[in-house]
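I have placed the structure first, in the form of structure tokens, so that the comments after it can refer back to it.
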Amino acid sequence: MGNFIYKRSLQSLLSLALLIILVFFLARLTGSPADLYLPLDATEEMRDQFNQRFGFDDPVYVQFGRFVVGLLQFDLGESIQYSKPAVQVVLQAFPTTLMLAAITMPIVIAVAIVTGSLAAFRPGGMFDRIASLISLIGASTPNFWIAIVGVIVFAVWLRVLPTSGTGTPWHWVLPIAVLCLRPTGVLVQVVRSSMITALSSAYVKTARAKGVRSRAIVFVHALRNALLPVITVASDQAAGIVNGAVIVETVFGFPGIGKLMIDSVLLRDFAVIQAAVLVTALAVFIINIVVDITYALVDPRIRHS
Amino acid sequence: MSEPRLLEVKNLSIQFPTRKGIVHAVNDVSWSVDQGETLAILGESGSGKSVSASAVMNLIDTPPAVISSGQILFRGRDLLQASVEQRRLVNGKNISMIFQDPLAALNPVYPVGWQIAETMLVHGIAPDTARRRAIDLLGRVGISDPERRAQDYPHQFSGGQRQRIMIASAIALQPDLLIADEPTSALDVTVQAQVLDLMKELQRESGMGMVIITHDLGVVEKVADKVVVMQAGRIVEAGEVAKVLSQPSNPYTQRLLDAVPGRHGFSVNKAAEAGPTPLLEVRNVSKVYFGRLKLFSSAPQPQVRAVDDASFTLSMGETLGIVGESGSGKSTLARMLLGLDVPTAGSIDFDGKDLLKLSAAETFKVRRRMQFVFQDPTASLNPRMTVQQIVSEPWAIHAGVLPKQQWGQRVAELLHKVGLLPEHAERYPHQFSGGQRQRIAIARSLALQPELIVCDEAVSALDVSIQAQIIDLLKELRREMGLSYVFIAHDLALVRDFATSVVVMYQGRIVEQGPTEQVYGNPQHDYTRRLLAASKVHPGALAA
């Protein structure tokens, strides 16, 4: 196991390095920050001064070298818009997003496993048809639309929930509900098809011949075998949220990493973009390691190979 | 009224609705079994032989299936009238069942000890007792070091051991009846015999009744007292085993008996008598698979010798049988003959030319003269091509062999030759049965008029009577066209009928080779003797 994690870390480090290089240069293609931060009639002298302050006057490769040296010392530069270290800005926004993911994913997984398993127990039955239809709708409805409809219905018409921002627990209800919808729809379908395969397997037949109760057949025998694809898809969804639930955070004015990234791209705040990409990539890397360990826990064949 | 039977199936009829209409899986089927008795249900795939037993275990989902008539009486009580919960309590406790493929039938993610204990747990035995008894049972069915092995998972056991584990779980509560659905079909021959012996032994100890569902006459002969023969959902013959096998009254039973390999004389190599011309010479061929070298480790590179120093010669017109268990290296050897794998050492000469030293163009030419038939015709025929396209594809690859205008006519000839009809040319593989598909594969292999055909387990996936038909076809083609065959099989009896000489492989090595008659009549190597002893050839009992 230790050896495995070590190997995976090396691989991830490589992709992380490539990603950082890519982000560094692509961000600089968007144009000069000076155009955005200085008044339109700024003099050449003011521009030079601005560029000098943030180091934009040096050739790109010198900037990159400085960036790499800084990176090695955990210094990711200074945010232009906040005049604070970029890392600090990112680490302020990140917990909000993490919290969103940490609440959303357990709900998604629990609902999907129960619904999908029950639907798979009698494929084509009434419950299966209703669950399949609803999950299909959930999986295919655009997030931004359902978010806006949610705001209109619950915040504007019924006035039971706030429209946007943070502060009270009530502020979290709509964003999380919207965030759950799509992943749940997708995951129900994955659980259902995976469970149908598992329930038609020979070991389930054996369990029936042993006299095992239906509930134990579904949740003890079939479910654990059906989990691998479910874990794969769920981790992908979790990574998606951690990467920034951009649309939901933007619609609900949630100060998470997704919103921060969009704002920083628009404002050419290179240091923040780089720091945000680095932090989220690390988080995704950790998710992947956790998933690999979960695989091994669930399936002994993976543990022994 | 006399004592009720242990289990009696009476006039059972079950239908499955399918897209093509209603299938009568079993039709007015009756059989019974008593304490201490063994009943065999014999039939080919699709005969409905498993269906009535599955109904006993409540493994048939209704709907979609419909049980339209009949009774299943267990000690006089009709299980079909019992509630789901009552039947669940019978399963595993009074009647238990084991299945064909023990790797699939055991849950891959739970330790085997737990799986055996589970049978006891669901029927109310305390966890501690169940765990202890599971370990005892593992020892009883012949798993060594049961205490430790109980913690292991199914994939860590061999096929035979897995079936032993299944048996341990099935007998955990000392059931009155054990139903075994093709319990040995997925196992190697030597292992088959051991598993059957174990089942008989357990039956003697406990006096349980057994129902064995099989397509294998050898199994019937070895373990059963009574047999019912099924065809197309009906029982066509029933009675004492000795009687049915010696005096079959039904033509279908007769055909089944006749199809058993090993009942006819040895093949004699006429060509060899006239002075052999070597066609294929394999000299000191080895194949070593290297594992991955570990970085920063001084451990030697791990290696597996799949084939170790194999040599044999195949003469023109001869048929060489290569026999061995799975893992014996026979398939690796075949892959090297086909050029799908390159030997680590040694040489393979075809008609005097070393295949390994030929240029690409020369290899291409030689390929025309060597053709192949694989085990699974479903997988080796492209499902999106018609039979016409499949059979004529070799001519498209080897341009200039046959002008395109003649393809249609030649395909029709080839189909006729393998016992199919010209109008089959426009159909797709899925429209044929397994045996017919293998005929298509053979027609394709004949397209280039080869001198040698390598058959890798070419009939293993087929039913016995179909096997016999395909072997007859191959024999006929051998006579007509002077073909040579390399025939790879794990079934000794098949090879005995067909091959002129035999190579026996064991753990990558050739342990014995020679003319078929000599190897069978006077086996030298211990492994060959074991194979023969375990094989289903019992000339005495079956020589009708």
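Convention: sequence-line order gives letters A, B, ...; per-chain numbering from 1. FYI, side chains are in, hydrogens and waters are out, and symmetry mates aren't considered; it's all heavy atoms of this structure.
The choice from M166(B), Q156(B), K93(B), E85(B) that makes the most heavy-atom pairs within less than 4.5 Å of chain A is Q156(B). Between chain A and the residues I179(B), L106(B), L173(B), the most heavy-atom pairs under 4.5 angstrom are made by L106(B). Of the listed residues (G92(B), S96(B), P108(B)), the one with the most heavy-atom contacts under 4.5 Å to chain A is P108(B).
With a 4.5 Å cut-off on side-chain heavy atoms, N107(B) and N225(A) count as touching.
In the displayed structure, L282(A) atom CG is contacted under 6.0 Å by more than 12 heavy atoms of other residues, nucleotides or ligands. Counted within 6.0 Å of CZ on R66(A), heavy atoms from surrounding residues, nucleotides or ligands total more than 12; the atom is thus considered enclosed.
Interatomic distance, NZ of K205(A) versus CZ of F99(B), reported as 5.0 Å (0.5 Å rounding). In this structure, Y110(B) OH and Y203(A) OH are separated by 9.5 Å, a value rounded to the nearest 0.5 Å. Taking OG1 from T206(A) and CG from N91(B), the interatomic distance works out to 11.5 Å, rounded to the nearest 0.5 Å.
For S169(B), the part lying under 4.5 angstrom from a heavy atom of chain A is the side chain only. Using a 4.5 Å cut-off between heavy atoms, V204(A) makes no contact with chain B at all. For D101(B), no part sits under 4.5 Å from any heavy atom of chain A, backbone or side chain. The part of I95(B) that comes within reach of chain A is its backbone (N, CA, C, O), which places non-hydrogen atoms under 4.5 angstrom from that chain.
Checked for salt-bridge contact, R208(A) and D61(B) meet the test: a charged N lies under 4.0 Å from a carboxylate O.
The closest side-chain donor-acceptor pair between H221(A) and E118(B) falls under 3.5 angstrom.
Just one of Q115(B), M97(B), M120(B) meets the side chain to side chain contact (heavy atoms under 4.5 Å, CB included) condition when paired with K210(A); it is Q115(B).
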